[in-house]
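Proteins come first, then strands; the chains are lettered A, B, ... in the order of their sequence lines, and each starts at number 1.
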Amino acid sequence: MLELRNVSFQVDEEGKEKEIVRDISLTVPERKLIVVTGPNGGGKSTLARLISGIEKPTGGRIFFGGEDITEKSVTERSRMGIAYAFQQPVRFKGIRVLDLVRIAAGKTVSVGEACEYLAAVGLCARDYVNREVNASLSGGELKRIEIATVLARHAKLSVFDEPEAGIDLWSFRNLIDVFRNMREAIADSSILVISHQERILNIADEIIVIRDGRVDRQGSREEIYPSLEADSAEPEACERLIQAMGEKEGDA
Amino acid sequence: MDEIQRRLLLEVADLHEVPEGAYNIRANSQSAGRRSTANIEITSKTEVSGLEIRIRPGTRNESVHIPVVMTESGLKEVVYNDFYVGEGADVVIVAGCGIDNCGNQDSQHDGIHRFFVGPGAKIRYVEKHYGSGDGKGKRILNPVTEVYMERNSTMEMEMVQIKGVDDTIRTTKAVLDAGAKLVVRERLMTHGVQQAVSTYNVELNGEGSSADVVSRSVARDQSFQKFDAKVIGRAPCSGHTECDSIIMDQGRILAVPGLEADHVDASLFHEAAIGKIAGEQLMKLMTLGLTEAEAEEQIINGFLR
Ligand SMILES: Nc1ncnc2c1ncn2[C@@H]1O[C@H](COP(=O)(O)OP(=O)(O)OP(=O)(O)O)[C@@H](O)[C@H]1O
Ligand SMILES: [Mg+2]
């Protein structure tokens, strides 16, 4: 379905080249739910932005359904069947939730149909369809609307960037059902979820760990999941520094 | 009335036919229809061109429509309309001007509206401006609105100019007595080399008076807009002005905030934000399948809604 071949992405930061994604190759097979995880700042969102076309790779190629889409625009990729729920959803003055669902669906959906997408993410649709997608929505509400718009696209490849972020624990259980249902109904499509959440990792067919802009490891859930636990036991660089300083103080 | 005039009427007053309630339709400087009701009396001024509209105290759930349409090129007019709104009345007033200019001479309508709002009266005022026609002649509208608000009266003004007016200087003046409340929502879009200046002077003279003036605007192409809002607080009062603007192409916007507090309990507040459409907004809509141009249109339509 989706294939990244040696994809790199670097930016110019105060004259210095900074490599955010380094030579990543990976495949998202058809009819699979892939979860991408890894430490903050590892390059996961950048990867999602490269897939959706918001960023253009500085090296490598991206294929979708066998076609090279590296040079294709965001609009073209979207129309080919790539949908992307942002980690930080965008707010719009004056655009209503209903408008956004309609744009996403790409056809005139009735208010009733729009409400079904909202209900799926646990929003009482009646209260929300006519709300503006502006600063008056809470972070969690906005995040759910973002997910609903991606559901409305019925895309071949749906990418969700930390869908659990900002969503309360109670609703989160229902959100898992959304993904589980999507996974079950996965006909000729695939799902890529960026997440740190155990429950989401639990429904993955495959897990990819991204660290420092590289694929640290990837494989089936059974293979990768146990090793994630081991990771968290290992102290992070800063923690090691703090420990080292503590020892020094102890010396004095 | 001809087809073009009908179309203009639809644009500025959402009117398909003769409205309910009181109305006066002015077409090419002539009255094309008028009706007074038991509570709302419309008469012509004698010295100058214009109307006197008297609304009886306590009138409720009634409306007055006074649209103006111009389709002759080269027409220039100044019209004085005075509204006397009786105590406790609660009415909707719909004004608006549509100019279609296919000729080479400028067409200009300067409407001077004065509102004398009685104690406790409540008005909703809607004014739309619209221009069309591909002649070289300009379409010019210079509205002056003066609002004198007595104790505890409320005025909500919605002013919209989205399309086709080449030059506009809009002057709004309001004087508020104790407990009076003014709310203004202005929406403005300019194209081409259009120029629009909107000036407000709001005097909060009475205790507990308040004003909230919000302008949302879009300047495209080489157009220019100036938003100049002054609020003077002379009593314990609250005033807020806001200019929220999108610039595109080579459009330019100048926002001039003016706050004057002459009383220690006056609380005045101004906000202004001018910038182009946020890249993330465009990107989001493009990931939903829109082209960049379609995304822009959606964002602007929403913004000016
Ligand atoms: N346009 C850019 N310019 C400079 N630095 C950038 C740019 N985009 C991303 N970065 C940096 O690249 C790194 C990876 O960012 P990215 O958002 O992809 O991380 P992430 O894995 O999604 O992290 P998180 O788990 O916190 O969401 C970060 O250090 C970030 O600051
Ligand atoms: Mg991220």
- Query: So which part of A/Glu76 gets closer than 4.5 Å to some heavy atom of chain B, the side chain, the backbone, both or neither?
  - Reply: neither
- Item | Heavy-atom proximity to chain B below 4.5 Å, by part of A/Asn134 | neither
- Query: Would you say the side chain of B/Leu290 lies within less than 4.5 Å of the side chain of A/Ile103, judging by non-hydrogen atoms?
  - Reply: yes
- Hey, which residues of residues 295-305 of chain B are touching chain A, say heavy atoms under 4.5 Å apart? B/Gln298, B/Ile299, B/Gly302, B/Phe303, B/Arg305
- Interface residues of residues 77-94 of chain A facing chain B - non-hydrogen atoms under 4.5 Å apart: A/Ser78, A/Arg79, A/Ile82, A/Tyr84, A/Ala85, A/Phe86, A/Val90, A/Arg91, A/Phe92, A/Lys93, A/Gly94
- Under the salt bridge (charged side-chain N to carboxylate O under 4.0 Å, His left out) test, which residues partner B/Lys128, sequence neighbours left out? B/Asp14
- Query: Among residues 267-288 of chain B, which residues come closer than 4.5 Å to chain A, judged by heavy atom distances?
  - Reply: B/Glu280, B/Gln281, B/Met283, B/Lys284, B/Leu285, B/Met286, B/Thr287, B/Leu288
